[in-house]
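What follows is a set of notes on a single structure, which appears directly below.
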Amino acid sequence: MALLNFSQDLGIDLGTANTLVFIKGKGVVVREPSVVAINKATGDIEAVGSDAKKMIGRTPGNIAVIRPMKDGVIADYDTTAAMMKYYIKLAQKNRSSFAKKPNVMVCVPSGITMVEERAVIDATKQAGAKDAFPIAEPFAAAIGAGLPVWEPTGSMIVDIGGGTTEVAVISLGGIVTSKSIRTAGDDMDDAIIQYVKRKYNLMIGERSAESIKMDIGSAKVPTEVDEMDIRGRDLLTGLPKTITITSEEIAYALKDTVDAIVESVKNTLELTPPELSADVMDRGIVLSGGGALLKGLDEVISDETKMPTFVAEEPLDSVAIGTGKSLEYIEQFRSQSKNSTHRFTD
Ligand SMILES: Nc1ncnc2c1ncn2[C@@H]1O[C@H](COP(=O)(O)OP(=O)(O)OP(=O)(O)O)[C@@H](O)[C@H]1O
């Protein structure tokens, strides 16, 4: 019975774009979009994750597709709790009915307010956690990217997600300087939508904008120009129309967002004590999160800061892996943080 009665603790990357669940000993077992489709009449959940994401922009009037997280924090509490419950169940599908509720390490942006953080803790408990421990996202990302966060040396991480970009310099198990801006991948998609609308009078959806970004998007004007056909609704005639767009145009559309990200990295470096800056100079800046996959972003950051810059090995999984690895320090989190990341980030 003792074996059946064990609890399998979880690490959760509750992201604006994607939610990932990590189980100790197994690694990342759930990797799904943070999207839920709800029947407006009954309130029932129709689909969660990739099935719900496919419905974006394609639903009949009675179904609403919701992205319950915005800018890294909970925008729709009940839907977030329901989504987490679904993913926790999915992660534990072979769990014994005698197993105890899991403790959950869940990431939150470093710029989160106390109220926003409390909502994440409560939603995680409502979703089935025995106890929930918030961990600052850049700290988790740095652990997941394999940086030596516990050592007396400066490690710099830039985590670019869907809703937030988190920049932090970490040493001796704590965040020394950090900056969290609510500008990231979603803003890139929006910039592409606005550019196509302004230049071509063409309305495209957020899923199309995201695939343009992933296929031909880049942080700087590319030396070899790519082209892509995109379809949308002509705002003048109201009819469907196809246009061809170039990677040069997309780099131009993304410029303001990329500049904001670069600026946040520079601001953090300016506030970093000199010894730690010297460490970062030696070891380089590490980029994580899906936004790190934007072509040329590492080069632009390196050019602008004059620091070597690398993309983490599995940028989309770094935060989840970090929350999972932190489960080993759960007692430390329990006594030190008393459920607040603010002690780690202040
Ligand atoms: N190849 C790619 N090129 C550019 N952007 C990409 C690529 N792959 C994924 N992305 C973007 O990465 C973002 C999602 O990253 P990630 O899953 O790390 O975010 P998140 O953790 O859900 O968000 P947040 O940390 O802000 O809450 C999306 O905006 C997605 O479009």
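Whatever order the structure lists them in is the order used to number ligands and atoms, beginning at 1. If you read the sequence from its start, that first residue is 1, and numbering goes on from there. Hydrogens, waters and symmetry mates play no part in the numbers below; they use all other heavy atoms, side chains included.
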When only distance counts, is [X] in polar contact with ligand 1, meaning an N/O pair under 3.5 Å?
X      : value
Gly162 : yes
Ile160 : no
Thr164 : yes

Which pair of heavy atoms, one from Ser110 and one from Ser178, lies closest together, and at what distance? OG-OG, 4.2 Å
Under-4.0 Å heavy-atom contact with ligand 1, by part of Met188 that carries it: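 No part of Met188 comes within reach of ligand 1.
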Taking 4.0 Å as the limit for heavy-atom contacts, which would you say applies to Thr19 with ligand 1: side chain only, backbone only, both, or neither?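 No part of Thr19 comes within reach of ligand 1.
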Near [X], which atoms of ligand 1 are under 4.0 Å from a heavy atom of that residue?
X      : result
Glu137 : 24 (P), 25 (O)
Gly289 : 18 (O)
Gly15  : 20 (P), 21 (O), 22 (O), 27 (O)
Glu210 : 28 (C), 30 (C), 31 (O)
Gly185 : 29 (O)
Leu294 : 3 (N), 4 (C)

Within a radius of less than 6.0 Å around OH of Tyr252, do more than 12 heavy atoms belonging to other residues, nucleotides or ligands occur? no
Is the number of heavy atoms from other residues, nucleotides or ligands within 6.0 Å of CZ (Arg182) greater than 12? yes
Can you tell me the protein heavy atom closest to [atom] and the distance?
atom                    : result
atom 17 (O) of ligand 1 : Asn18 ND2, 2.7 Å
atom 24 (P) of ligand 1 : Thr16 OG1, 3.5 Å
atom 1 (N) of ligand 1  : Leu293 CB, 3.5 Å
atom 14 (C) of ligand 1 : Ala17 CB, 3.6 Å
atom 7 (C) of ligand 1  : Gly290 O, 3.6 Å

Please lay out, stage by stage, how Glu227 and Thr244 fare under the test side-chain hydrogen bond (donor to acceptor under 3.5 Å, both in side chains). CA-CA 7 Å; Glu227 285 184 350; Thr244 303; 5.5 Å; no
At the 4.0 Å heavy-atom cut-off, does Gly291 count as touching ligand 1? yes
Any idea which of Ala292, Gly163, Ser180 brings a heavy atom closest to atom 26 (O) of ligand 1?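 That would be Gly163.
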Between the candidates Lys295, Arg182, Met214, Lys213, which shows the shortest non-hydrogen contact distance to atom 29 (O) of ligand 1? Lys213
Report the C-alpha separation of Thr19 and Glu32 in whole Å, then their side-chain angles, then the decisive distance to 0.1 Å, and conclude whether the side-chain hydrogen bond (donor to acceptor under 3.5 Å, both in side chains) test is met. CA-CA 5 Å; Thr19 298; Glu32 286 280 333; over 6 Å; no
For Leu293 and Leu316, run side-chain contact (heavy atoms from CB on, under 4.5 Å): C-alpha distance rounded to whole Å, both residues' side-chain angles, the deciding distance at 0.1 Å, then the answer. CA-CA 9 Å; Leu293 292 168; Leu316 280 157; 3.9 Å; yes
Positive for side-chain contact (heavy atoms from CB on, under 4.5 Å) with Ile245, one of Ile216, Leu202, Ile204, Asp229: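 In the set Ile216, Leu202, Ile204, Asp229, the residue that makes a side-chain contact (heavy atoms from CB on, under 4.5 Å) with Ile245 is Ile216.
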For Asn201, run the side-chain contact (heavy atoms from CB on, under 4.5 Å) check against Leu236, Thr237, Ile243 and tell me which one passes. Leu236
Determine the interplanar angle of the Tyr329 and Trp150 rings, folded into 0 to 90°, and report it as parallel if under 30°, tilted if 30 to 60°, perpendicular if over 60°.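 Correct class here is tilted.
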Does the pair Ile301 and Val262 meet the rule for a side-chain contact (heavy atoms from CB on, under 4.5 Å), with working shown? CA-CA 6 Å; Ile301 293 179; Val262 170; 4.2 Å; yes
A side-chain contact here means heavy atoms from C-beta on lying under 4.5 Å apart; do Asp186 and Arg67 qualify?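 Contact flag for Asp186/Arg67 side chains = yes.
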Starting from the C-alpha separation in whole Å, work towards a yes-or-no answer on side-chain hydrogen bond (donor to acceptor under 3.5 Å, both in side chains) for Thr272 and Thr177. CA-CA 6 Å; Thr272 302; Thr177 46; 3.1 Å; yes
